[in-house]
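Computed from a prediction, not measured in an experiment: that's the story for all the values here. Numbering of ligands and ligand atoms starts at 1, following listing order.
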Amino acid sequence: MDLYEYQGKQYIARFGVPVSPGEVADTVDDAVAAAERLGFPVAVKAQVQVGGRGKAGGVKLAADRAEAEANARSILGLDIKGHVVRRLWLERAAHIAKEYYASFTLDRSAKLHLCMLSTKGGVEIEQVAEEDPGAIARRHVDPLDGFSEADGLALAGEAGIEESERQGVADVLASLYRCFVEGDADLVEVNPLVVTASGTVLALDAKVTLDDSAGFRHPEWAEWANLDELDQRERLAREKGLQYVGLDGYVGIIANGAGLAMSTCDVVEQVGGEPANFLDIGGGASAEVMANALEVISTDEKVRSIFVNIFGGITRGEEVANGIVQALGRVEIHAPIVVRIDGTNAVEGRAILAAHESERLVSLPTMIEAARAATELAGGSPR
Ligand code: GDP
Ligand code: MN
């Protein structure tokens, strides 16, 4: 789960990272009132889950009430890379002397945590990584050892941070690491981490991704579950416990396992079709799960055919086939369905489907044939 900036800041602040006091506002009037309570100058910031808000006009400083009002008016409703601003965060503006970058994330290939620190903050870190990779100091952290103050001081030195500022930066890194581990985050990123004119180190922005698998340990996360960022199909899928990602094409896809679902998208593309979605129904393929998946896909008006691609492992082919047949009795599907079953008891599964075969339900033994059939039924011309 990705947090908005204001939620991320509240979260890292719990672990001791210094942030400015601020308030959220959803209307111009609320924004003006919040600005007056906070005192000027105040920063008015768009709350959308996308980077580069500053450049897009989503972050503005206001010196007085009139400017706060004008800023709130221009930012609310603004479309930033497809995200419409519905909420603002206002905070006391900081006097920035320097802008740094700091983050902790998981380096999956190294199987270790990774800390990155750079004096080139305030711009997109991907851009720094491309243009000046040497400007990012990196340190892998073994979770069994943790990240000590000494690690922070050493890294600050490597990053080229002035000696007088290193302790402040190391303190922030130690708190951020605690947030990353104890707070069960997959990413904590502060860009910019600023040094103010008076020498204080402060997190001016925060990007936090929480590890949903640890949700059971954090009942307090419930208030942040922001279903409003999802489209209607994704919300329905989430409610039904399915892994769904909407795409722009017209062949609906259902597969068991994320890897197979991705391959299915690739094969549909390969034969010249366009996937409408990625949908992983997980290990089982009961009638209920299959009915839910078909229902979610059917809410997408762009879908003109559905490709169900199942590889039987522990789940046997005849269970899957029965699941599909029963699901078709429960939900009304407007698009023709092409099924490919392989793996454990595939032959038995295909026999069950054969008994129900029609122009609305086709069973084919291989992925490529099924992808072509699904593309053709959708009105495309498969290769
Ligand atoms: P992003 O563009 O989406 O990453 O949004 P940020 O929160 O990082 O803000 C973009 C830029 O706005 C920062 O790099 C700062 O230069 C500037 N900014 C944000 N907050 C303040 C503030 O309180 N005071 C000042 N002077 N500048 C700010
Ligand atoms: Mn930023």
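Note on Arg53 versus Glu5: salt bridge recorded, some NZ/NE/NH1/NH2 to OD/OE distance being below 4.0 Å. Remark: Asp26 does not engage Arg86 in a salt bridge, criterion side-chain N to carboxylate O under 4.0 Å. The pair Asp342-Arg340 meets the salt-bridge criterion, with a side-chain N (NZ, NE, NH1 or NH2) lying under 4.0 Å from an Asp/Glu carboxylate O. Contact check on Glu36 versus Arg65 returns a salt bridge, with a Lys/Arg side-chain nitrogen under 4.0 Å from an Asp/Glu carboxylate oxygen. Using a 4.0 Å cut-off between a side-chain N of Lys or Arg and a carboxylate O of Asp or Glu, Arg330 and Glu295 do not qualify as a salt bridge.
The proximity of Lys45 to ligand 1, defined as any non-hydrogen pair under 4.0 Å, is limited to the side chain. Residue contacts with ligand 1, taken as heavy atom pairs separated by less than 4.0 Å, involve Leu61 solely via side-chain atoms from C-beta onward. Heavy atoms of His95 found under 4.0 angstrom from ligand 1: none, in either backbone or side chain.
Each of the atoms 8 (O) of ligand 1 lies under 4.0 Å from some heavy atom of Asn191. Set against the non-hydrogen atoms of Ala43, the atoms of ligand 1 under 4.0 Å away are 23 (O).
Atom 21 (C) of ligand 1 has Leu204 CD2, 3.4 Å as its closest protein atom, hydrogens excluded (heavy atom only). Protein heavy atom at the shortest distance from atom 23 (O) of ligand 1 is Ala94 N, 3.0 Å. Among all protein heavy atoms, the one lying closest to atom 10 (C) of ligand 1 is Gly54 CA, 4.1 Å. Annotation: atom 6 (P) of ligand 1 to nearest protein heavy atom, Asp205 OD2, 3.5 Å. The protein non-hydrogen atom at the shortest distance from atom 27 (N) of ligand 1 is Ile96 CD1, 3.2 Å.
By the 30° and 60° cut-offs, the orientation of the rings of Tyr11 relative to Trp221 is perpendicular.
Close N/O approach between Val59 and ligand 1 is not found [any backbone or side-chain N/O within under 3.5 Å].
For the pair Arg178 and Phe15, the NZ or CZ position fails the cation-pi test of under 6.0 Å to the six-membered ring centre and within 45 degrees of the ring normal.
For the residue pair Tyr101 and Ser103, a side-chain donor N or O sits within less than 3.5 Å of a side-chain acceptor on the partner.
Restricting Asp205 to its N/O/S atoms, the shortest distance to the Mn ion (ligand 2) is reached by OD2.
The aromatic ring centroids of Tyr4 and Trp89 lie 6.0 Å or more from each other.
Considering only non-hydrogen atoms, atom 1 (P) of ligand 1 lies nearest to Arg53 out of Arg53, Lys60, Glu99.
Distance screen at 4.0 Å: atom 15 (C) of ligand 1 has a protein heavy-atom neighbour inside the cut-off.
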